[in-house]
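If you're wondering where the values come from, they're calculated on a predicted model, not measured in any experiment.
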Amino acid sequence: MRIDPRHATRRPWVALGGAAICFYAGSLVSTDPAALGHLVGGTGLAVLGGGLTGLWARRVGRRTHARTGLGLWGLVLVVAGLVFAPAGADVARFVGGERTVLWTVSLLAAVTSLYLGFREYGAARHTLGTESVFEGDL
């Protein structure tokens with residue numbers, strides 16, 4: 001699927017926000033693993049969140065993508081610190097449960113990093129140089 005260049009930079013953060021909402025709702029829905037409907041619904045929302053993250057990844061540049069991924073992993077560490085610290089449990093309980101917030105941020109960071117890895121692996125040009133640079137000819 002090719003995105004029209006005129007629309008490629010319009011509001012890419014809406015897709016990432018939608019992905020975060022899908023991951024959060026999927027975490028809330030799938031809290032009871034014994035209920036098959038809840039598990040399927042949560043998985044469906046997680047897949048939709050992954051698709052929205054991919055849409056966001058196609059709309060932003062490499063540098064923005066890498067910085068966002070790194071920032072999300074930093075946020076995972078902050079949220080994990082709040083979840084596992086005794087004082088943070090009161091804050092996390094207010095927003096739907098401490099594990100739900102941690103799962104949301106962790107899934108968003110992981111999927112963003114996964115798409116960044118695919119993007120770098122699929123890059124047509126590598127920046128290592130040519131044979132002449134390795135042989136000493138500049």
Side-chain angles (χ1 to χ4, degrees):
M1 180 176 158
R2 186 89 173 132
I3 297 175
D4 188 12
R6 292 176 293 161
H7 304 294
T9 57
R10 285 189 182 171
R11 300 186 189 130
W13 299 101
V14 172
L16 193 64
I21 290 170
C22 286
F23 289 142
Y24 182 75
S27 298
L28 283 176
V29 167
S30 62
T31 55
D32 183 19
L36 183 62
H38 289 240
L39 190 62
V40 170
T43 303
L45 285 169
V47 169
L48 180 62
L52 286 172
T53 306
L55 182 65
W56 169 83
R58 286 190 300 249
R59 290 182 176 182
V60 296
R62 277 187 181 162
R63 185 173 294 221
T64 302
H65 193 159
R67 285 181 180 171
T68 303
L70 188 61
L72 284 170
W73 281 114
L75 187 61
V76 167
L77 293 176
V78 169
V79 170
L82 287 175
V83 166
F84 295 113
D90 294 333
V91 174
R93 199 173 301 129
F94 175 71
V95 291
E98 55 267 343
R99 307 272 190 239
T100 304
V101 175
L102 183 60
W103 270 107
T104 301
V105 177
S106 298
L107 281 172
L108 195 58
V111 172
T112 302
S113 297
L114 182 71
Y115 277 114
L116 181 62
F118 284 146
R119 179 183 218 169
E120 292 301 318
Y121 181 74
R125 243 180 102 194
H126 298 286
T127 57
L128 294 177
T130 63
E131 292 293 325
S132 63
V133 173
F134 292 129
E135 294 171 0
D137 300 331
L138 294 176

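- The hydrophobic cluster containing Leu102 also contains Val105, counting ILVMFWY residues as joined when their side-chain heavy atoms lie under 4.5 angstrom apart, directly or transitively.
- For Ala15, the side-chain contact (heavy atoms from CB on, under 4.5 Å) criterion is met by Leu55, Trp56, not counting sequence neighbours.
- The backbone N or O of Arg58 lies less than 3.5 Å from no partner atom in the side chain of Tyr115, so there is not a single donor-acceptor pair.
- With side-chain heavy atoms closer than 4.5 Å counting as contact, directly or through intermediates, the hydrophobic cluster containing Leu45 also holds Val29.
- Looking at heavy atoms from C-beta onward, Leu16 lies in side-chain contact with Trp13 at the 4.5 angstrom threshold.
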* Any chance you could lay out the side chain to side chain contact (heavy atoms under 4.5 Å, CB included) test for Glu120 and Arg62, step after step, and finish with the verdict? => CA-CA 9 Å; Glu120 292 301 318; Arg62 277 187 181 162; 3.3 Å; yes
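- Here the straight-line distance linking atom CG of Leu28 with atom OH of Tyr24 works out to 4.5 Å at 0.5 Å rounding.
- Separating the CZ atom in Phe23 from the CG atom in Leu48 is a distance of 9.0 Å, to the nearest 0.5 Å.
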Report all side-chain donor-acceptor pairs from residues 64-83 shorter than 3.5 Å, counting only partners two or more places apart or in another chain.
| residue | atom | partner | partner atom | Å |
| --- | --- | --- | --- | --- |
| His65 | ND1 | Arg119 | NH1 | 3.0 |
| His65 | NE2 | Thr112 | O | 3.0 |
| Thr68 | OG1 | Thr64 | O | 2.7 |
| Trp73 | NE1 | Ser113 | OG | 2.7 |

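- Nearest heavy atom pair, residue Thr104 against residue Ser27, reads OG1-OG, 3.9 Å.
- Here the closest heavy-atom approach between residue Ala19 and residue Thr53 is recorded as CB-OG1, 3.3 Å.
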